[in-house]
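Read the structure below first, then the notes.
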Amino acid sequence: MVGRTKFEKLLEPGYIGRVRTRNRIIKTASGTGLTEPDGTQGEAIKAYYESLARGGVGMIIEEFTVVEYPRGTRRMMGQSRIDDDKFIKGFSEVVKGVHRHGCPIFLQIMHAGPWYHQAEPPEALGERLSSSALTEAEFLRIGQHLPPHPIVPRETTLADIQEIIDRFGQAAERCQKAGFDGVEVNGSHHHLINCFFSPVWNKRHDQYGCDSLENRARFMCDIIREIKRRCGNDYPVTALFNAAELGEPKATTLEEGKRFGQLLQEAGADALQVRMAGYGLFSLNLLHADRLMHPELPRHFMIREFDWSRNGRGFQLPLAVALKEIATVPVILAGRLDAELGEEALREGKLDFVGMTRRLFADPEYPKKVAEKRLEDIAPCGGCLLCWHKRGLNEKLTCRINPALGNELAFEIKPAEKKKQVMIIGGGPAGMEAARVAALRGHKVVLFEKGHQLGGLMPLAAMVKDKECDLILDQVRYFKTQMSKLGVVTEIGKTAGESSISDIRPDVIVIASGGSPASLNIPGIESGNVVDSFKMHGKLKTALRFLGAKSLERFTKVWMPVGKKVLVIGGAIHGCQLAEFLVKRGKQVTIVDESEKLGEGLLSEDPVRLFPWFEQKKVVMMTGVRYEKITDRGLVVTTREGKTETLEAESIMIALPLTPNPDAAGLMEGKAREVYVIGDCRQAGFMHSAIMDGATVGHKI
Ligand SMILES: Cc1cc2nc3c(=O)[nH]c(=O)nc-3n(C[C@H](O)[C@H](O)[C@H](O)COP(=O)(O)O)c2cc1C
Ligand code: SF4
């Protein structure tokens, strides 16, 4: 294990070609949704990249940017583009902002090929390209996230190939003009370049065909050579490609990936960045395979390409290790790496650069804080993938723990003009974030929490969410540390009443006291076999206080205050996560909901794994029912067919979303000049919306 204060290798400068990086942490490319609708770079994206540079990262690779539009795009609107000279100016502003902090920056350039977002209108996208023509059935089998009748790609002709190589060359020249220190060619995933690498797509028999590894790699090698020809041999190019593919008999193997690495470096690549792509059983999000551990890692993922020894941290390390066997240029790897694991991998020679995306979303100052030995100040990424989910919806990036992500201009910490006395009622995520931001801006903050610990429902959520348990607890710890360092006075176990108000005489009162359990007015709701999340919280509160969420999570595997057969009322995210928790404790679970769909509120990556897992675990899932009454045998419902049925259960757990407390403000009316209601108390939502509310008020005061 690396000592927590020793990050010599990680903080050491490195070289990619002639470019000197400030340290070994590279911000790998990631779409932000901050590009202007017309594909240009504006103030928002500039502020985002500048914040990363300010945070001390070694080098930035700006997000995927298309060299051809619309044929090579994924999105019609808000797609970062470099297919025309008119885009140079905006990029040069981004580069200037990043260089101001001494940080090098590359641009990732790519051609989407057959890949596009299913929400885009086919008539606008026009034709799509792949290495070879496919039938619709073939495309539906190997493509990802496609509509029922997708635009089937046509074969790229030799003339197209030359044209596209030329477009990559032109794009790189524009990058050079904009001041980028280099470019990354993205040949990974199922984009056009990978359609040549992979015989799953490539059925050609010409010099770009599937008959040899050299032919499969030729397209990307030609692109690299063209960039070097136009921009100079010393203009750095990193090559991002799939070192392995999984799930199809002809998929690229790791041995083939190693040979591709050799060919790419011979063609002039100055660094190799590797990842994996999958089909069929493996067509899940392999970029964030750490998430596949929820609810349970599928057995077929236990293969040599993945390393699961650290709960998903560094899951792709075997790829980098394999590439290092042949690489004469640096190897970059991302995939749930962190400072500690990165340092260890660097010391062991497993890679040369530690790629990170989500940890830098959560805290762009991560590298700076590592360098300053302030690890306790790092806002921890929980791996929840809200950021990814938002991009899937084509919305701008949002991070659960960092509301400033994508809002860098609005949420810049500015000292308050008038320092105020701020009283915050409630120590959940909304209250803690409001306290943190207000204190950072110079206000004097007192936070009242009537329970015996900070975090609101976060410790309970940590216990229920199992593998995320540590991470939510890390997030609670982060808030506590920040509040304590910033001098926030926390009054734990105390209610903010008249006497505290007259003692403190607040200028501002922020009510963040949480939501209330939704009431279910059916006969029998008061029965002893019914447990709602608040009753549960009440029952577990003392245990949570003394044992902590982690120990309690283990303890509940031995004992739970519910019977063997449990019925969960409410099939939105809360109910689904509770059901997962119960199944893992050997309970027979039924989930019911009056709505037509289960899983409301689950992030996009989760239902595809969770519902099949429920089926495998024989969880009964019923939607469209009407709750009638609760008896000592269970819940009586009317089914959608109009039949009355008793769903038998020893225990009934209510997991309905909370309801807000809009009247809370009235209770504090006239007690301070400014009164705000935030978090679940204002509008019941999720942890990220509560934290966002806290930040908004913290900046407003
Ligand atoms: C919201 C989001 C957008 C991404 N967009 C890109 C992209 O544009 N190009 C790319 O090569 N990788 C993209 N990635 C993948 C990241 O570069 C990185 O490989 C991945 O997130 C794993 O690293 P991490 O565990 O440090 O987040 C994206 C990841 C996220 C979360
Ligand atoms: S949204 Fe979740 S996964 Fe994404 S960076 Fe933030 S905490 Fe991490």
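Read the numbers this way: they start at 1 and go in the same order the structure lists the ligands and their atoms.
At a heavy-atom distance under 4.0 Å, no atom of Asn402 approaches ligand 2.
Given atom 31 (C) of ligand 1, the protein heavy atom at minimum distance is His288 NE2, 3.5 Å. Scanning all protein heavy atoms for the shortest distance to atom 9 (N) of ligand 1 gives Gln108 OE1, 3.0 Å. In terms of protein heavy-atom proximity, atom 14 (N) of ligand 1 is nearest to Ala29 O, 3.4 Å. The protein atom (non-hydrogen) at minimum distance from atom 2 (C) of ligand 1 is Trp388 CE3, 3.5 Å. In this structure, atom 8 (O) of ligand 1 lies nearest to the protein heavy atom Phe64 CD2, 2.7 Å.
Remark: ligand 1 atoms within the under-4.0 Å shell around heavy atoms of Met356 are 26 (O). Heavy-atom proximity to Gly335, at under 4.0 Å, picks out these atoms of ligand 1: 22 (C), 23 (O), 25 (O). Each of the atoms 19 (O), 23 (O) of ligand 1 lies under 4.0 Å from some heavy atom of Ala334. Atoms of ligand 1 lying under 4.0 Å from any heavy atom of Leu397, numbered from 1 in the order shown and given with element: 1 (C). Of all the atoms in ligand 1, the ones that sit under 4.0 Å from a non-hydrogen atom of Leu240 are 11 (O). Residue contact check: Arg358 has heavy atoms under 4.0 Å from atoms 24 (P), 25 (O), 26 (O), 27 (O) of ligand 1. Distances below 4.0 Å separate heavy atoms of Arg391 from the following atoms of ligand 1: 1 (C).
Salt bridge Glu344/Arg347: absent, no basic N to carboxylate O contact under 4.0 Å. Salt bridge annotation for Asp363-Lys369: present, with a cationic side-chain nitrogen under 4.0 angstrom from a carboxylate oxygen. Salt bridge Lys324/Asp352: present, at least one basic N to carboxylate O contact under 4.0 Å. Asp290 has no carboxylate O lying under 4.0 Å from a charged side-chain N of Arg313, or vice versa, which leaves the two without a salt bridge. For the pair Glu93 and Lys46, the salt-bridge criterion is met [side-chain N within less than 4.0 Å of a carboxylate O]. Taking 4.0 Å as the cut-off between side-chain N and carboxylate O, Asp84 and Arg174 do not count as a salt-bridged pair. With respect to Arg216 and Glu256, a salt bridge is recorded, a charged nitrogen being found less than 4.0 Å from a carboxylate O.
Of the listed residues (Asn186, Thr28, Thr398), the one carrying the non-hydrogen atom nearest atom 18 (C) of ligand 1 is Thr28. In the candidate list Leu333, Thr357, Leu287, Leu287 is nearest to atom 22 (C) of ligand 1, counting heavy atoms.
Phe301 has its ring centre less than 6.0 Å from the ring centre of Phe306. In this structure, Phe219 has its ring center no closer than 6.0 Å to that of Phe197. Two rings, from His190 and Trp115, have their centers 6.0 Å or more apart.
Residue pairs meeting the salt bridge (charged side-chain N to carboxylate O under 4.0 Å, His left out) criterion with at least one partner in residues 380-403, sequence neighbours excluded, are Lys390-Glu395, Arg400-Glu468.
Within the structure, the closest approach of Arg336 to ligand 1 falls below 4.0 Å when heavy atoms are considered. Within the structure, ligand 1 has Arg275 among the residues with a heavy atom less than 4.0 angstrom away.
Screening the protein for N, O or S atoms under 2.8 Å from atom 8 (Fe) of ligand 2 yields 1; no waters enter the count.
With contacts defined as side-chain heavy-atom distances shorter than 4.5 Å, the pair Cys576/Leu610 qualifies. Side-chain contact between Arg609 and Arg291: present, with at least one pair of heavy atoms (C-beta onward) separated by less than 4.5 Å.
Note: no N/O pair closer than 3.5 Å links Phe361 and ligand 1 by distance alone.
Surrounding NZ of Lys258 are more than 12 heavy atoms belonging to other residues, nucleotides or ligands, all under 6.0 Å away.
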